[in-house]
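Residue indices begin at 1 and follow the sequence shown.
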Amino acid sequence: MSVLRTVHDRATGPMLIHVITKKGKGYHPAESANDRGHATARFDVPTGKQHKSPSNAPSYTSVFGKALVDLATEDDKVCAVTAAMPDGTGLGQMLDRYPSRTFDVGIAEQHGVTFAAALAAGGMKPFCAMYSTFLQRGYDQVVHDVAVQRLPVRFAIDRAGLVGADGATHAGSFDITFMANLPDMVVMAAADEAELMHMVATAHSINDRPSAFRYPRGEGVGVDLPDRGEVLEIGKGRMIQAGARVAILSFGTRLSEVEKAADSLAAKGITPTIADARFAKPLDRDMILTLAADHEALITIEEGAIGGFGSHVAQLLANEGVFDNGLKFRSMTLPDTFIDHASPDAMYADAKLNAADIEAKVLDVLGVAKLENRRA
């Protein structure tokens, strides 16, 4: 306050005040914590103890962190870059094990991306781990310092999709769109934690161009984890369930909600075909065209804004003349609005991307909902 008063009394024009902040100042539990109380769960104020729900599965972030450490153990070219979020991105494990190959550049995403580009140009295999919403800050560098030069930087995009209590500012809504429109960029999304391990291994294997893989905040779905990730064939998805009439093509972790919707639809006599795209770029052209040819309707679903995966699929179908033959196509994306913070389930309910919404979309595109309304 004395500085502010002095400036007020002496200023005859613009004045610069340099303020050095200290996280956690005045609250002992935060001052003594390594993360200074950043991004905590609900906690007890006197002690600072967090009230976390028991976890039934490892978090995506921790699965990424362990997979990266395992790769770094086998390959001394593997290194990691983050921007002031080593723990938040899962790089705490890497920092503890291989501190000389783990770089925290502070809150400077632009520098972090360019630094990763320089490491790649020098023969290292950098994983640039940033939250989706923070990677936006370094997009110019992604384009000019990485993509234009086709440098093999591996972007590990945490907090993909809606993130719950972190709110609208931290939602990873746009990275599919802004990464998939770059030439030669490989863009992947993990449907579960085992798939994330495969995508870490796949990114490690790509040495001739940049790549990105995205995954959400929170725990996985509880699948069995392999001892090590397998390298996926670039641009190839996987079939989950064979069905008829309607095909649902999922990109990312909405796959578990698609499977719940399919269980409910089965009670109505509808068995949708389900596929996991795995890649938004390059698309699995053969799989998508086969789904379109064998079904009367195709629905895409993703945890991202309009202009992303569904738009790329629609472009492919349009260019191949598929719509000329009467295919019904729907794309389920995040709505064109910023969704206020709530639990992830509540946010996805607002976004109409939960199992009930997927079921309703299937019934609508097949005309079942309209038929039932006429009968009523």
Side-chain angles (χ1 to χ4, degrees), residues 161 176 188-192 195 221 223 233 235-335 348-349 351-376:
I176 303 173
M188 301 172 273
D192 56 48
E195 283 290 295
V221 298
V223 300
E233 183 177 354
K236 292 297 179 182
R238 58 174 179 151
M239 297 300 298
I240 304 298
Q241 171 181 298
R245 296 191 67 192
V246 61
I248 306 175
L249 181 58
S250 177
F251 182 64
T253 57
R254 287 295 93 186
L255 179 61
S256 60
E257 292 297 306
V258 170
E259 292 174 321
K260 292 176 186 176
D263 290 340
S264 182
L265 287 165
K268 297 179 171 66
I270 300 171
T271 303
T273 294
I274 302 173
D276 175 16
R278 280 178 166 165
F279 294 84
K281 191 169 188 181
L283 290 172
D284 189 337
R285 179 180 180 278
D286 292 341
M287 183 178 77
I288 293 170
L289 293 179
T290 298
L291 292 174
D294 294 345
H295 299 81
E296 62 183 88
L298 175 61
I299 300 171
T300 64
I301 182 168
E302 65 195 284
E303 295 151 319
I306 186 171
F309 171 68
S311 295
H312 282 255
V313 173
Q315 183 79 12
L316 168 65
L317 296 173
N319 287 343
E320 294 292 331
V322 174
F323 295 130
D324 302 350
N325 300 319
L327 177 73
K328 298 175 183 177
F329 177 78
R330 302 290 186 273
S331 182
M332 300 182 72
T333 66
L334 293 177
Y348 277 113
K352 298 190 182 304
L353 289 179
N354 282 337
D357 307 297
I358 299 167
E359 179 185 356
K361 184 68 72 174
V362 170
L363 295 176
D364 179 69
V365 76
L366 293 180
V368 176
K370 295 176 183 177
L371 180 60
E372 290 179 348
N373 289 336
R374 284 201 297 268
R375 287 173 177 171

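For K352, there are no side-chain hydrogen bond (donor to acceptor under 3.5 Å, both in side chains) partners, not counting sequence neighbours. The side-chain hydrogen bond (donor to acceptor under 3.5 Å, both in side chains) check on D284 picks up nothing, with sequence neighbours excluded.
Between K328 and V246, every side-chain heavy-atom pair lies at or beyond the 4.5 Å cut-off. When side chains are defined from C-beta on, L255 does not count as touching E195, because their heavy atoms never get closer than 4.5 Å. Counting heavy atoms from C-beta outward, E296 and L366 have side chains that approach closer than 4.5 Å.
Residue D294 holds its CG atom at 10.5 Å from CG of L289, rounded to the nearest 0.5 Å. Separating the CD1 atom in I240 from the CG atom in L249 is a distance of 10.5 Å, to the nearest 0.5 Å. The distance from atom CD1 of I299 to atom CZ of R330, rounded to the nearest 0.5 Å, is 8.0 Å. Note: M332 CE to N354 CG = 9.0 Å, rounded to the nearest 0.5 Å. Residue D276 holds its CG atom at 12.5 Å from CD1 of I248, rounded to the nearest 0.5 Å. Considering CZ of R285 and CE of M287, their distance stands at 13.5 Å, rounded to 0.5 Å.
Nearest heavy atom pair, residue T273 against residue A242, reads OG1-C, 3.8 Å. Scanning both residues, D357 and A349, for their nearest heavy atoms gives OD2-O, 4.4 Å. Across every non-hydrogen atom of G308 and I176, the tightest pair is CA-CG2, 3.9 Å. Nearest heavy atoms, L317 versus A292: CD2-CB, 3.9 Å. Looking at every heavy atom in both residues, I274 comes nearest to A262 through CD1-CB, 3.7 Å. Taking every heavy atom of both residues into account, A261 and A355 meet most closely at CB-O, 3.4 Å.
Between the side chain of E303 and the main chain of T253, a donor-acceptor pair closer than 3.5 Å is present. Between the side chain of E359 and the backbone N or O of L265, no donor-acceptor pair lies under 3.5 Å. Side-chain N or O atoms of E257 include none that pairs as donor or acceptor with a backbone N or O of L353 at under 3.5 Å. In terms of modelled atom types and a separation under 3.5 Å, the side chain of D263 and the main chain of K260 share no donor-acceptor contact.
For residues 279-326, the pairs satisfying ring pair (Phe, Tyr, Trp, His ring centres under 6.0 Å) are F251-F309, F323-F329, with sequence neighbours left out.
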> Would I301 and K361 count as a side-chain contact (heavy atoms from CB on, under 4.5 Å) if you check the C-alpha gap in whole Å, the side-chain angles of each, and the deciding distance to 0.1 Å?
Replying inline: CA-CA 11 Å; I301 182 168; K361 184 68 72 174; over 6 Å; no
